[in-house]
Peer 1: 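Structure incoming, see below.
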Amino acid sequence: ILNVEQSPQSLHVQEGDSTNFTCSFPSSNFYALHWYRWETAKSPEALFVMTLNGDEKKKGRISATLNTKEGYSYLYIKGSQPEDSATYLCAQGGGDGLTFGKGTHLIIQP
Amino acid sequence: NAGVTQTPKFQVLKTGQSMTLQCAQDMNHNSMYWYRQDPGMGLRLIYYSASEGTTDKGEVPNGYNVSRLNKREFSLRLESAAPSQTSVYFCASHGGQNFYGYTFGSGTRLTVV
């Protein structure tokens, strides 16, 4: 079973500030790294899937990078807005299922 | 486009009762998964089906059985519910391409008393 770790566990950020958080995973037998956004009372929604070392993905104000050699990925949010408040999950794996981290709970304070 | 549909949304069972959680997807995905979410834990894989006709155990399969009825439907059965199975259950599907994430259902909140 792969061990996927996320930090920090929770984060309070002022509206307008930028922030980032980390996902670490075993670098051996890497297949793909996923990021999901999970709002309260909803289901997780896919943000990014990255497979290659050095991958960078961007969607609006949110971006992610991947380092498969050292086993980490960063998620960045630029100019945080209240609607960014959610839990952000990362997961590693492939067709035989993803192993998820416990998530980073992000709260944007007005 | 409904995506992944789970039923029921909520359920309360007594210890020892049985029930089946239903999941259906309309995206023609090959792979389907059942996860459980517990406080302080990441989503944990119970069972998965890589294609119609196949099922495999995940990280926490004990106490559960699954059926991949056809390409659309993947059900999870609790034969004799235990309080330790109180959880939120999510079904997900995936088309197999590396660049797409999983599509999740809205979850079933199950309480076993």
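Since the structure is predicted, the reported quantities are computational estimates derived from the model, not experimental observations. Numbered from 1 within each chain, the chains take letters A, B, ... in sequence-line order.
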Peer 1: Considering non-hydrogen atoms only, spot the tightest contact between Pro8(B) and Gln11(B) and give its length.
Peer 2: CG-OE1, 3.8 Å
Peer 1: Would you indicate whether Gln37(B), at its atom CD, is surrounded by more than 12 heavy atoms from other residues, nucleotides or ligands within a distance under 6.0 Å?
Peer 2: yes
Peer 1: Checking Tyr35(B) against chain A: side chain, backbone, both or neither under 4.5 Å from a heavy atom?
Peer 2: side chain
Peer 1: For Cys90(A) versus Gln6(A), what's the shortest heavy-atom pair and its separation?
Peer 2: N-OE1, 3.0 Å
Peer 1: Under 4.5 Å side-chain heavy-atom separation, chaining through any Ile, Leu, Val, Met, Phe, Trp or Tyr, what else clusters with Leu69(B)? Say none if it is isolated.
Peer 2: none
Peer 1: Start with the C-alpha distance between Tyr88(A) and Phe21(A), add both sets of side-chain angles, then the distance that settles ring pair (Phe, Tyr, Trp, His ring centres under 6.0 Å), and finish with yes or no.
Peer 2: CA-CA 9 Å; Tyr88(A) 291 83; Phe21(A) 25 93; 5.4 Å; yes
Peer 1: Would the Tyr47(B) and Tyr33(B) ring centres measure less than 6.0 Å apart?
Peer 2: no
Peer 1: Most heavy-atom pairs under 4.5 angstrom with chain A, which of Gly40(B), Ala50(B), Gly58(B)?
Peer 2: Gly40(B)
Peer 1: Centroid separation under 6.0 Å, is that true for the rings of Trp38(A) and Phe90(B)?
Peer 2: yes
Peer 1: Is the closest side-chain heavy-atom distance between Leu75(A) and Phe48(A) below 4.5 Å?
Peer 2: yes
Peer 1: Which bit of Leu43(B) is near chain A, if near means a heavy-atom gap under 4.5 Å: side chain, backbone, both or neither?
Peer 2: both
Peer 1: With a 4.5 angstrom heavy-atom cut-off, is it the side chain or the backbone of Leu89(A) that approaches chain B, or both, or neither?
Peer 2: side chain
Peer 1: Can you pull out the residues in residues 102-113 of chain B with any heavy atom less than 4.5 Å from chain A?
Peer 2: Tyr102(B), Phe104(B), Gly105(B), Ser106(B)
